[in-house]
Amino acid sequence: MIPTLVILLGPTGVGKTELSLRIAEHLSSPIISSDSRQLYKELPIGTAAPTAEQQTRIKHYMVGTLGLSDYYSASNFEEEVLSLLQELYKTHPAVVMTGGSMMYIDAVCKGIDDIPTVTPEIRNTLYTQFEQEGLSAILAELKAADPLHYEEVDRMNYKRVIHAVEICRQTGKPYSSFRTNTHKVRPFRILKIGLTRDREELCGRINQRVDQMMADGLLDEARHVYPFRHLNALNTVGYKELFNYLDGKWELDFAIEKIKRNSRVYARKQMTWFKRDPDIHWFHPDEEEKIMQLYRDLQ
RNA sequence: GGUGCCAUAGCUCAGUUGGUAGAGCAAAGGACUGAAAAUCCUUGUGUCCCUAGUUCGAUUCUUGGUGGCACCA
């Protein structure tokens with residue numbers, strides 16, 4: 001009997017958490033979060049992480065496990081979730097995973113190439129160079145060290161360009177030589193459930209949820225992590241806007257409006273990513289019965 | 001009531017020495033392999049507030065309105 005990974009995915013605010021609890025109850029399954037920001041234990045409100053009450057109802061994994069300055073990546077997530085699943089499948093025929101971090105989901109489903117982790121020294125050196133000399137010098141280095149990737153990469157996207165050069169410097173080999181583009185085979189079945197709502201409905205929910213977060217104390221949460229605001233973990237919708245308020249640059253109402261807008265922008269980006277995945281079965285979050293039926297049909 | 005300033009894309013504004021206009025944000029679409037709620041790319045026709053004039057031609061100058069803001073009463 002091949003175990004199943006039931007993945008509930010969709011844009012932020014669509015209603016994944018609520019539905020995941022019910023689906024997990026039907027399947028007697030724990031829940032793995034595939035959300036790159038719910039991992040941080042200091043951000044429960046702004047990331048709409050499952051509440052203590054919800055976590056009592058269903059055992060959750062990959063929530064609140066990291067400190068803000070901990071290094072983490074999609075590859076770490078892949079590795080951690082795969083070994084977690086191996087354990088869970090000993091006692092559960094199906095496990096639910098839910099969250100909207102597109103790349104993390106893909107890392108679990110397809111795997112990502114084995115690329116070394118960049119040392120902080122190399123990263124810092126390159127970013128200093130980027131600030132002083134601009135991107136063109138780094139692009140020139142990439143062209144020499146990895147002409148193949150130079151042709152392929154989005155040369156306007158400094159993060160991608162710099163990362164490729166980081167790998168070249170660190171390994172002495174071209175970045176492209178690490179990219180095998182292979183789709184790893186998993187020892188479990190994957191059922192991808194996409195949740196969607198029409199735009200107006202989704203926007204309404206996002207706005208309402210942001211107001212609720214503020215009522216729940218998001219501002220205090222942001223204030224609490226404010227000293228660490230330059231960390232990547234805090235380059236996050238809901239926090240970066242409130243930091244501008246705390247810096248005295250924005251009015252509070254304006255910051256809240258921005259959080260709503262940026263959440264909508266994020267939701268759209270998520271949909272762009274998900275749309276191209278033909279394996280996703282799309283449902284409205286209310287269609288719990290249909291989703292369960294699809295699961296049963298697969299067994 | 002008087003004087004001055006302003007009225008341009010959904011929003012904030014730039015600009016046209018008179019030849020019907022452009023940035024940022026938003027919006028829409030897209031990319032995405034170890035920082036991904038990140039990062040990046042593409043897409044801008046709008047009675048240039050209304051009216052009358054000057055002019056070959058006015059969104060741009062002039063007259064008179066209307067609305068907003070500021071100051072003076």
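Chain A is the first sequence line, chain B the second, and so forth, proteins listed ahead of strands; every chain is numbered from 1.
In this structure, A:Gly111 reaches neither bases nor backbone, as no heavy-atom distance under 4.0 Å exists between it and the strands shown. Residue-level contact check: A:Ser101 touches the backbone only, with heavy atoms under 4.0 Å from sugar-phosphate atoms and none from bases. Within the nucleic acid shown, A:Tyr158 comes within 4.0 Å of sugar-phosphate atoms alone, with no base atom in reach, counting heavy atoms only. Counting non-hydrogen atoms under 4.0 angstrom, A:Thr47 reaches a base of the nucleic acid. At the heavy-atom level, A:Val118 lies nowhere under 4.0 Å from the strands shown. Here A:Asn235 lies in heavy-atom contact (under 4.0 Å) with sugar-phosphate atoms only. In this structure, A:Arg155 reaches neither bases nor backbone, as no heavy-atom distance under 4.0 Å exists between it and the strands shown. Within 4.0 Å of A:Met103, counting heavy atoms only, lies at least one base atom of the nucleic acid. Among the heavy atoms of the strands, none lies under 4.0 Å from A:Asp106. Here A:Tyr127 lies in heavy-atom contact (under 4.0 Å) with a base.
Salt bridge status for A:Glu201 with A:Arg205: absent, with no side-chain N to carboxylate O gap under 4.0 Å. Taking the charged nitrogens against the carboxylate oxygens, A:Arg186 and A:Glu78 do have a contact shorter than 4.0 Å, which makes a salt bridge. In this structure, A:Arg57 pairs ionically with A:Glu25, as a charged nitrogen and a carboxylate oxygen lie closer than 4.0 Å. Salt bridge annotation for A:Lys90-A:Glu87: present, with a cationic side-chain nitrogen under 4.0 angstrom from a carboxylate oxygen. Looking at A:Lys16 and A:Asp35, no side-chain N of the basic residue comes within less than 4.0 Å of a carboxylate O on the acidic one, giving no salt bridge.
Taking atom CZ of residue A:Arg261 and atom C1' of nucleotide B:A28, one finds them 15 Å apart after rounding to whole Å. Following rounding to the nearest Å, A:Phe254 (CZ) and B:C25 (P) show an atom-to-atom distance of 12 Å. Protein atom CG of A:Asn76 is 20 Å distant from nucleotide atom P of B:A38, rounded to whole Å. Atom CD1 in A:Ile105 sits about 15 Å away from atom P in B:A38, given to the nearest Å. Rounded to a whole Å, the CZ atom of A:Arg37 is 7 Å from the C1' atom of B:A36. Between the OH atom of A:Tyr266 and the P atom of B:U39 there is a distance of 13 Å, given to the nearest Å. Rounded to an integer number of Å, the gap from CG of A:Leu43 to P of B:A36 is 13 Å. In this structure, OH of A:Tyr104 is placed 11 Å from P of B:G34, rounded to the nearest angstrom.
Look at the P atom in both B:A7 and B:C48: the space between them is 14 Å, to the nearest Å. Rounded to whole Å, the separation between the P atoms of B:G22 and B:A52 comes to 28 Å. Nucleotides B:U20 and B:U39 place their C1' atoms 39 Å apart, quoted to the nearest Å. Of the C1' atoms belonging to B:G44 and B:C5, the separation is 29 Å, rounded to the nearest Å. As rounded to the nearest Å, B:C6 and B:A27 have C1' atoms that lie 28 Å from one another. Across the P atoms, B:C71 and B:G15 are found 25 Å apart, a figure rounded to whole Å. B:U59 and B:U55 have their C1' atoms separated by 15 Å, given to the nearest Å. For the C1' atoms, the distance linking B:G68 with B:A31 amounts to 44 Å, nearest Å.
Tested against A:Tyr266, the residues A:Lys269, A:Gln270, A:Arg264 include a single side-chain hydrogen bond (donor to acceptor under 3.5 Å, both in side chains) partner, A:Gln270. Evaluated for a side-chain hydrogen bond (donor to acceptor under 3.5 Å, both in side chains) with A:Tyr239, the options A:Glu221, A:Arg37, A:Arg229 yield exactly one hit, A:Glu221.
Between B:C32 and A:Lys269, no contact under 4.0 Å exists linking OP1 or OP2 to a side-chain N or O.
You'll find the ring centres of A:Tyr295 and A:His26 outside the 6.0 Å limit.
Heavy-atom nearest nucleotides on RNA chain B were determined for A:Gly238 and for A:Lys258, and the one closer to the 5' end corresponds to A:Lys258. Comparing A:Lys275 and A:Gln270 by the nucleotide of RNA chain B whose heavy atom lies nearest to each, the residue mapping closer to the 5' end is A:Lys275.
Closest approach to the A:Thr272 side chain among B:C25, B:G34, B:A31 is made by B:A31 (side chain taken as heavy atoms from C-beta onward). Side-chain proximity of A:Tyr71 to the nucleotides B:C40, B:A27, B:G34 is greatest for B:G34. Side-chain proximity of A:Lys159 to B:G34, B:G29, B:A35: nearest is B:A35. Checked against B:G30, B:A31, B:G34, the side chain of A:Arg276 finds its nearest nucleotide in B:A31. Here B:A35 is the nucleotide among B:A35, B:C32, B:G30 with the atom lying nearest to any side-chain atom of A:Asn232. Residue A:Arg264 places its side chain closer to B:A27 than to any other of B:G34, B:A27, B:C32. Here B:C32 is the nucleotide among B:C32, B:A26, B:C40 with the atom lying nearest to any side-chain atom of A:Arg160. When distances are taken from the side chain of A:Arg199 to each of B:A35, B:G29, B:C40, the shortest belongs to B:G29. Side-chain proximity of A:Ser73 to B:A35, B:C40, B:A38: nearest is B:A35. With distances taken from any side-chain atom of A:Asp154 to the nucleotides B:C25, B:G34, B:C40, the minimum falls on B:C40.
Judged by distance alone, with hydrogens and angles left aside, the side-chain atoms of A:Glu133 form no donor-acceptor pair with the main-chain N or O of A:Phe130 at under 3.5 Å.
Among the duplex regions that RNA chain B forms, those built from at least three successive Watson-Crick or G-U pairs under 3.5 Å are B:1-7 with B:66-72, B:10-13 with B:22-25, B:27-31 with B:39-43, ordered by first number.
At least one cation-pi condition fails for A:Arg223 and A:Tyr226: the charged atom is not both under 6.0 angstrom from the six-membered ring centre and inside a 45 degree cone around its axis. Judged by a 6.0 Å distance limit and a 45° cone about the ring axis, A:Lys59 is positioned over the six-membered ring of A:Tyr61.
Scanning atom types as modelled, no donor and acceptor separated by under 3.5 angstrom connect the side chain of A:Tyr72 and the base of B:A36.
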